[in-house]
Undergrad: 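Dropping the structure in here first, questions after.
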Amino acid sequence: DVTAGIRMGFLYSPEFGPLFPANRYPFARNGAANKYYPCNTLRNFWKLAHIIPPHLIQVEIPDIFFNPLEFPEYGDNRYSDRDSGNPLHFGPLYCAMIGFFASPLFWLQPSRTNGKLLKEYSKMSLLFKKYRDNLHKGFVYPFGEQPGGTKFTGFMSMEGKSGLILVFRERTRQKSASILLPCVGQAKVKTVFSNTHVKASINNACLDIRLEDGPSFALLSFSDAQK
């Protein structure tokens, strides 16, 4: 836990296990530094993943459907519909998938969590259990632009000539992007899981992808085009 004070981090003591880098709460008051926003969590993870193995970074997946009336001590803590970072604009699946390439941490109180949210988070959990071993066996690295709320960005796990790609389209009107993928020439691409219509191909070390609606994500698998 390196969230506050003087504490040992992963680079000092990796033998102690995954790194818990941030406390982010949906019910924190508006304007607080620890208020949860999906774009901030994605950016923090994306930047850390350049220097720390992603599966050793705990990424929080909180209760975005929290009831503000249950946390009166935090004052004005209700997200505004006009707030571009409001997690309800992104949806529970998007928020959950931010932690897919990490060590996902469901950062919530089950007794206060409604069934709809648990159902959506369960989809990600089952998917993670299915692909976890393959994810962690591969070489994992972030790609695309640094998340900032309006970018195309993501993560890639590669073992040999195959692997998995997770692409995020943040809150942008841009539906398509061409993203450089080092170490991949040409590959067959298949959509594994998404919250929108997806069109994707990999040619000449470049991922061409279109995500119809935003904010959205797409989990893709790829394999050697010669097979």
Undergrad: May I ask you to test the F101-S157 pair for a side-chain heavy-atom distance under 4.5 Å?
TA: yes
Undergrad: Are more than 12 heavy atoms, taken from residues, nucleotides or ligands other than R78, located less than 6.0 Å from that residue's CZ atom?
TA: no
Undergrad: Do Q146 and T153 have side-chain atoms, one donor and one acceptor, less than 3.5 Å apart?
TA: no
Undergrad: How long is the straight-line distance from OG of S178 back to CG of L207, given to the nearest 0.5 Å?
TA: 8.0 Å
Undergrad: Same cluster or not: are F193 and V140 linked, directly or through other Ile, Leu, Val, Met, Phe, Trp or Tyr residues, by side-chain heavy atoms under 4.5 angstrom apart?
TA: yes
Undergrad: Donor-acceptor check, side chain of E60 to backbone of P62, threshold 3.5 angstrom: yes or no?
TA: no
Undergrad: Mark yes or no: K35 above the aromatic ring of Y79, with NZ or CZ under 6.0 Å from the six-membered ring centre and no more than 45 degrees from the axis.
TA: yes
Undergrad: Throw together a table of side-chain donor-acceptor distances under 3.5 angstrom for residues 127-137, partners on residues two or more places apart or in other chains.
TA:
none

Undergrad: Mind checking whether F27 and Y25 have parallel, tilted or perpendicular rings, split at 30° and 60°?
TA: tilted
Undergrad: Determine whether P38 and C95 make a side-chain contact, defined as any pair of heavy atoms from C-beta on separated by less than 4.5 Å.
TA: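 Yes. Closest side-chain heavy atoms under 4.5 Å.
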Undergrad: Work out which heavy atom in Q58 is nearest to a heavy atom in P18; give both atom names and the distance.
TA: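 Reported closest heavy-atom pair: CG-CB, 3.8 Å.
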Undergrad: Quick one: closest heavy-atom pair of D63 and P26, and the distance?
TA: O-CG, 3.5 Å
Undergrad: Decide yes or no on side chain to side chain contact (heavy atoms under 4.5 Å, CB included) for M124 and Y121, but give the supporting numbers first.
TA: CA-CA 5 Å; M124 177 275 185; Y121 282 178; 5.8 Å; no
Undergrad: Atom CD of E120 and atom CG of N195: how far apart are they, to the nearest 0.5 Å?
TA: 9.5 Å
Undergrad: Within a strict 4.5 Å, meaning less than it, do heavy atoms of the P104 and I61 side chains meet?
TA: yes
Undergrad: Can you get from L166 to F222 by hopping between Ile, Leu, Val, Met, Phe, Trp and Tyr side chains that sit under 4.5 Å apart?
TA: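 No, separate clusters.
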Undergrad: Quick one: pull up CD in E170 and OG in S216 and give me the separation to the nearest 0.5 Å.
TA: 10.5 Å
Undergrad: When the ring centroid of Y141 is compared with that of W46, is the distance short of 6.0 Å?
TA: no
Undergrad: Do F155 and V184 belong to the same hydrophobic cluster, where Ile, Leu, Val, Met, Phe, Trp and Tyr are linked whenever their side-chain heavy atoms lie under 4.5 Å apart, directly or via other members?
TA: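 Cluster IDs for F155 and V184 differ.
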Undergrad: Would you please test F152 and L211 for side chain to side chain contact (heavy atoms under 4.5 Å, CB included) and show each step?
TA: CA-CA 10 Å; F152 270 79; L211 300 178; 4.2 Å; yes
Undergrad: With rounding to the nearest 0.5 angstrom, report the CD1 to OH distance, I64 to Y36.
TA: 7.0 Å
Undergrad: Between S194 and V198, which heavy-atom pair has the shortest distance, and what is it?
TA: OG-CG2, 3.3 Å
Undergrad: For C206 and L180: C-alpha separation, side-chain torsions, deciding distance, then whether side chain to side chain contact (heavy atoms under 4.5 Å, CB included) applies.
TA: CA-CA 5 Å; C206 183; L180 180 65; 5.5 Å; no
Undergrad: Locate the shortest heavy-atom distance separating Q174 from R169; write the atom from each residue and the value.
TA: O-NE, 3.1 Å
Undergrad: Is F139 reachable from V167 through a run of hydrophobic residues whose side-chain heavy atoms are each under 4.5 Å from the next?
TA: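 Yes, V167 and F139 fall within the same hydrophobic cluster.
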Undergrad: So, do D1 and L19 sit near enough that their side-chain heavy atoms are less than 4.5 Å apart?
TA: no
Undergrad: Run the side-chain donor-acceptor check on residues 80-93: report pairs under 3.5 Å with partners two or more places apart or on a different chain.
TA:
residue : atom : partner : partner atom : Å
S80     : OG   : R82     : N            : 3.1
D83     : OD1  : G85     : N            : 2.9
D83     : OD2  : Y37     : OH           : 3.0
N86     : OD1  : L88     : N            : 2.9
N86     : ND2  : S80     : O            : 3.1
H89     : NE2  : D81     : O            : 2.9
H89     : NE2  : D83     : O            : 3.3

Undergrad: Indicate yes or no: at least one non-hydrogen side-chain atom of V189 is less than 4.5 angstrom from one of I165.
TA: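 Contact flag for V189/I165 side chains = no.
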Undergrad: Please examine the side chains of S103 and L56, heavy atoms only from C-beta on, and report whether any two atoms are closer than 4.5 Å.
TA: no
Undergrad: Mind checking whether L164 and M156 have side chains closer than 4.5 Å, heavy atoms only?
TA: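 No, their side chains stay 4.5 Å or more apart.
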Undergrad: How long is the gap from OG1 on T3 to CG on N23, to the nearest 0.5 Å?
TA: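 If I round to the nearest 0.5 Å, the distance is 4.5 Å.
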Undergrad: Taking the inter-plane angle between the rings of F168 and Y94 on a 0 to 90° scale, is it parallel (under 30°), tilted (30 to 60°) or perpendicular (over 60°)?
TA: perpendicular
Undergrad: Please test F65 against K116 for side chain to side chain contact (heavy atoms under 4.5 Å, CB included), starting from the C-alpha separation and ending with a verdict.
TA: CA-CA 9 Å; F65 292 160; K116 179 182 177 182; 4.1 Å; yes
Undergrad: Just so I know, are the side chains of I209 and L220 near enough to count as touching, which here means a heavy-atom distance under 4.5 Å?
TA: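 Yes. Closest side-chain heavy atoms under 4.5 Å.
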Undergrad: Calculate, to the nearest 0.5 Å, the distance between atoms CE and CG belonging to M158 and L181 respectively.
TA: 9.0 Å
Undergrad: Work out which heavy atom in H50 is nearest to a heavy atom in P142; give both atom names and the distance.
TA: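 Here H50 and P142 meet closest at CE1-CG, 3.2 Å.
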